[in-house]
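Report on the structure given below.
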Amino acid sequence: MQPFTEKVVQIIRIIPPGKVMTYGQIAKLAGNPRGARQVVRILHSLSRTYGLPWHRVINAKGEVAIHDEGQSNEQMSALKQEGIEFDEYDKVDLTIYRFDPEWNDVDLI
DNA sequence: TAAATGACAAGTG
DNA sequence: CCACTTGCCATTT
């Protein structure tokens, strides 16, 4: 497995309840600012086996990016249960709910 | 080994 | 704010 993939997994695992991260943000922290699409693939294929909080990962606009309706509804209710609120366009306020690791030493985790 | 894929991002008008 | 374009790159076909 690529180091990038492994880091992405590590990062997603540390997202606390009630907070979210964006694909691009995760990719950047994992060492590849252009790897947003790889994060997508990882969530798809590894979220189950690694028990990742996949529902806390959304796109840069603050929207749930799932195309499948059933799954997107599942993600939204999961986030609501953690205290995250959606506006009338089903978007979250990233200025409030975005998780910023600040102490950014992801390599140590 | 080459081509296609994707739950994206950032820029432009 | 919306529509559209371009860049992206690990994984899958």
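Naming convention: chains lettered A, B, ... in sequence-line order (proteins, then strands); numbering from 1 in each chain.
- With the nearest nucleotide of DNA chain C identified for both A/K91 and A/Q2, A/K91 has the one nearer the 5' end.
- Between the side chain of A/Q75 and the backbone N or O of A/G70, no donor-acceptor pair lies under 3.5 Å.
- Along DNA chain B, the stretch of nucleotides lying under 4.0 Å from any heavy atom of chain A spans, 5' to 3', B/dT5 to B/dA9.
- Nearest-nucleotide positions on DNA chain B for A/A60 and A/R41 put A/R41 closer to the 5' end.
- Taking atom CG of residue A/L46 and atom P of nucleotide C/dT11, one finds them 9 Å apart after rounding to whole Å.
- A/T5 comes within 4.0 angstrom of the backbone, heavy atoms only, and of no base.
- Here C/dC8 presents its C1' atom at 16 Å from OH of A/Y23, a figure rounded to the nearest Å.
- As rounded to whole Å, 10 Å separates atom P of C/dC9 from atom CZ of A/F4.
- For the pair A/M1 CE and C/dT12 P, the interatomic distance rounds to 10 Å; values are reported in whole Å.
- Side-chain contact between A/I14 and A/F99 is present, with heavy atoms from C-beta onward closer than 4.5 Å.
- Annotation: side chain of A/H55 is in contact with side chain of A/E82 (closest heavy-atom distance under 4.5 Å).
- At distances below 3.5 Å, not a single donor-acceptor pair connects side-chain atoms of A/T5 with backbone N or O atoms of A/M1.
- Regarding A/N32, its CG atom lies at a distance of 7 Å from the C1' atom of C/dC9, rounded to whole Å.
- Proximity of A/I15 to A/V20: side-chain heavy atoms (C-beta onward) are nowhere separated by under 4.5 Å.
- The OH-P distance, from A/Y89 to C/dC1, rounds to 9 Å in whole Å.
- If you take CD1 of A/I42 and P of C/dC9, they are 14 Å apart, rounded to a whole angstrom.
- Two residues are said to be in side-chain contact when any heavy atoms from C-beta on lie closer than 4.5 Å; A/F86 and A/V64 meet this criterion.
- With A/R98 contributing its side chain and A/G62 its backbone, the two residues share no donor-acceptor pair below 3.5 Å.
- Projected onto DNA chain C by closest heavy-atom contact, A/R37 and A/S45 fall at different nucleotides, the more 5' of which corresponds to A/R37.
- Across all strands shown, A/G24 has heavy atoms under 4.0 Å from sugar-phosphate atoms exclusively, and none from any base.
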